[in-house]
Amino acid sequence: MKHFIRLTDFTKEELLSVFDVADSLQKGEYADCLKGKTVVMFFPESSIRTRVTFEKGVYLLGGQTVLFPPETLDKKENIKDVIGYLNNWADAVVIRHRDIALLEKIAEYSSVPVINAMTDVNHPCEVLSDLYSLSKIRSDCLADKYLFCGRKCNIGLAWKELAEVMKLDFSQCCPKGYEMENVTVYNDIQSAVGGKNIICTDSLPKDVLADFAEYRITAEIMKAANEGALLNPCPPFFRGEEVSASAVDSEYFAGYEFKKHLLEVQQAILIYCMKQEGIIC
């Protein structure tokens, strides 16, 4: 069964095939390919971008969505039984839940593709969409040098997964104690940004803001990056915290552009996985 839970479950060629599907979608192909299909989704009320684009994406392809809060999966009923019944009616399942182990357990029992819409340890749809969008505005995004400025978190770890599969030059900048494993880490922001093409950030919880006070990306710091460098703060971002207002208002900021193709990429992920299982042609 082809699920979409970790980017490292895929090869580079397979992820590029997802990009090919996204290209085809923009040419008007796959119209109504989900007609008569039902995608069961588990999303919290706080989800905006991912939920809207998944729901709209299924609708545009002619499918139906059935939405539940993720807490529905935390009830007493054995998850094997929950999914055993859903297998009768669902054609795919999209889940945003903190615990990736739960998604993996659901995938074990599911006879339809399970799509990870975010966990505490990764956010695969988000960063794959970012790379696809980047491929439309950079001549060779796979040759660019990527920097994640922030703590070990689901966004940084997802970029790490993507870098491993796509063989990206990827590093992290953070204070000591916040490092990801097996990644080149800089503890000085000026030297970290130097020579990089793509700078990514993620929002910070209140209890670590003080530790990251010297690691804020500003327009001035971005000047140390390569010519044409882009800043991609993962939403929701907060001016004055992980990024400065000057950076967001500068020519370096490409945050909106990075999310331009989130809908098509998430459609493409669904189509790719469902086609692999013969659920759609």
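When ring centroids are compared, Phe253 and Phe237 come within the 6.0 Å threshold. Taking the six-membered ring for Trp, Phe170 and Tyr146 have ring centres at least 6.0 Å apart. A ring-centre distance under 6.0 Å is not found for Phe4 and Tyr272.
Nearest heavy-atom pair, His3 versus Val114, reported as atom, atom and distance to 0.1 Å: ND1-N, 2.9 Å. Residues Val112 and Ala90 share a closest heavy-atom pair of CG1-O, 3.2 Å. The nearest pair of heavy atoms linking Glu277 to Pro113 is CG-CG, 4.4 Å. The heavy-atom pair separating Asp74 from Leu102 by the smallest distance is OD1-CD2, 4.2 Å. Nearest heavy atoms, Gly195 versus Asn226: O-ND2, 2.9 Å. Closest of all the heavy-atom pairs between Tyr30 and Leu61 is O-CD2, 3.5 Å.
For the residue pair Asp20 and Ser17, no side-chain donor N or O sits within less than 3.5 Å of a side-chain acceptor on the partner. Remark: the Thr8 side chain and the Glu161 side chain contain no N/O donor-acceptor pair separated by less than 3.5 Å. In this structure, a donor-acceptor pair under 3.5 Å is absent between the side chains of Asp188 and Tyr215. Between the side chains of His123 and Asn116, not a single donor N or O lies within less than 3.5 Å of an accepting N or O. Donor-acceptor pairing under 3.5 Å is recorded for the side chains of Thr38 and Gln64. Under 3.5 Å, the side chains of Thr119 and Arg98 contain no donor-acceptor pair of N or O atoms.
Looking at Ser135, its side chain does come within 3.5 Å of a backbone N or O of Tyr132 through a donor-acceptor pair. Under the 3.5 Å distance criterion, the side-chain polar atoms of Gln190 are left unmatched by any main-chain donor or acceptor of Ala224. Of the possible polar contacts, none joining the Glu214 side chain to the Pro175 backbone as a donor-acceptor pair under 3.5 Å is found. Under a 3.5 Å cut-off, the side chain of Asp99 and the backbone N or O of Ala101 do form a donor-acceptor pair. When atom types are taken as modelled, the side chain of Ser47 and the backbone of Pro44 share no donor-acceptor pair closer than 3.5 angstrom. Looking at Asp91, its side chain never comes within 3.5 Å of a backbone N or O of Val39 through a donor-acceptor pair. The main-chain N or O of Lys145 is found under 3.5 Å from a side-chain atom of Asn197 such that the two form a donor-acceptor pair. A donor-acceptor pair is defined here as one N or O able to donate and one able to accept, closer than 3.5 Å; no such pair exists between the side chain of Ser244 and the backbone of Gly240. Between the Asn232 side chain and the Glu257 main chain, no donor and acceptor come within less than 3.5 Å of each other. In this structure, the side chain of Gln267 does not engage the main chain of Leu25 through any donor-acceptor pair within 3.5 Å.
Side-chain contact check for Val193 versus Cys173: every heavy-atom pair is 4.5 Å or farther apart. Between Asp144 and Asp169 there is no side-chain heavy-atom pair separated by less than 4.5 Å. Side-chain contact check for Tyr59 versus Thr65: every heavy-atom pair is 4.5 Å or farther apart. Phe148 has its side chain out of reach of Thr201: every pair of non-hydrogen atoms, C-beta onward, lies at least 4.5 Å apart. Contact annotation: the side chain of Phe212 approaches that of Arg151 to within less than 4.5 Å [non-hydrogen atoms, C-beta and beyond]. At a threshold of 4.5 Å between non-hydrogen side-chain atoms, the residues Val82 and Ile106 do not count as touching.
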Problem - Audit row: Val265, Cys125, side chain to side chain contact (heavy atoms under 4.5 Å, CB included) steps and yes/no - result: CA-CA 8 Å; Val265 171; Cys125 297; over 6 Å; no
Exercise for the section: Carefully, step by step, assess Val185 and Asn187 under the rule side chain to side chain contact (heavy atoms under 4.5 Å, CB included). Expected result: CA-CA 7 Å; Val185 177; Asn187 299 126; 4.1 Å; yes
Handout entry: Derivation of the salt bridge (charged side-chain N to carboxylate O under 4.0 Å, His left out) call for Glu108 and Lys105
Key = CA-CA 5 Å; Glu108 180 183 346; Lys105 193 169 185 180; over 6 Å; no
Practice task
Test salt bridge (charged side-chain N to carboxylate O under 4.0 Å, His left out) on Glu126 and Lys259 and set out the steps.
Solution key: CA-CA 8 Å; Glu126 180 98 357; Lys259 295 297 176 280; 3.3 Å; yes
Practice task
Decide yes or no on side chain to side chain contact (heavy atoms under 4.5 Å, CB included) for Asp130 and Ile198, but give the supporting numbers first.
Solution key: CA-CA 11 Å; Asp130 283 359; Ile198 311 298; over 6 Å; no
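Cluster membership for Ile217 and Tyr186, using ILVMFWY side-chain heavy atoms within less than 4.5 angstrom, is shared. Linking ILVMFWY side-chain heavy atoms closer than 4.5 Å, directly or via other members, places Ile155 and Val248 in two distinct hydrophobic clusters. At a threshold of 4.5 Å between side-chain heavy atoms, the hydrophobic network of Ile, Leu, Val, Met, Phe, Trp and Tyr places Leu60 and Leu270 in two separate groups. Both Ile137 and Leu162 are assigned to one and the same hydrophobic cluster, defined by single-linkage of ILVMFWY side chains at heavy-atom distances under 4.5 Å. Residues Leu262 and Val18 do not share a hydrophobic cluster, clusters being chains of Ile/Leu/Val/Met/Phe/Trp/Tyr side chains in contact below 4.5 Å.
With respect to the salt-bridge test (charged N to carboxylate O, under 4.0 angstrom), the residues Lys152 and Glu181 qualify. With salt bridges taken as basic N to acidic carboxylate O contacts below 4.0 Å, one links Glu55 and Arg51. Salt-bridge formation is not detected for the pair Glu29/Lys27: no Lys NZ or Arg NE/NH1/NH2 atom is positioned less than 4.0 Å from an Asp or Glu carboxylate oxygen. In this structure, Glu104 pairs ionically with Arg6, as a charged nitrogen and a carboxylate oxygen lie closer than 4.0 Å.
Crowding of Lys136 atom NZ: a count of heavy atoms from other residues, nucleotides or ligands under 6.0 Å exceeding 12. Shown here is Lys260, whose NZ atom has no more than 12 heavy atoms of other residues, nucleotides or ligands within 6.0 Å.
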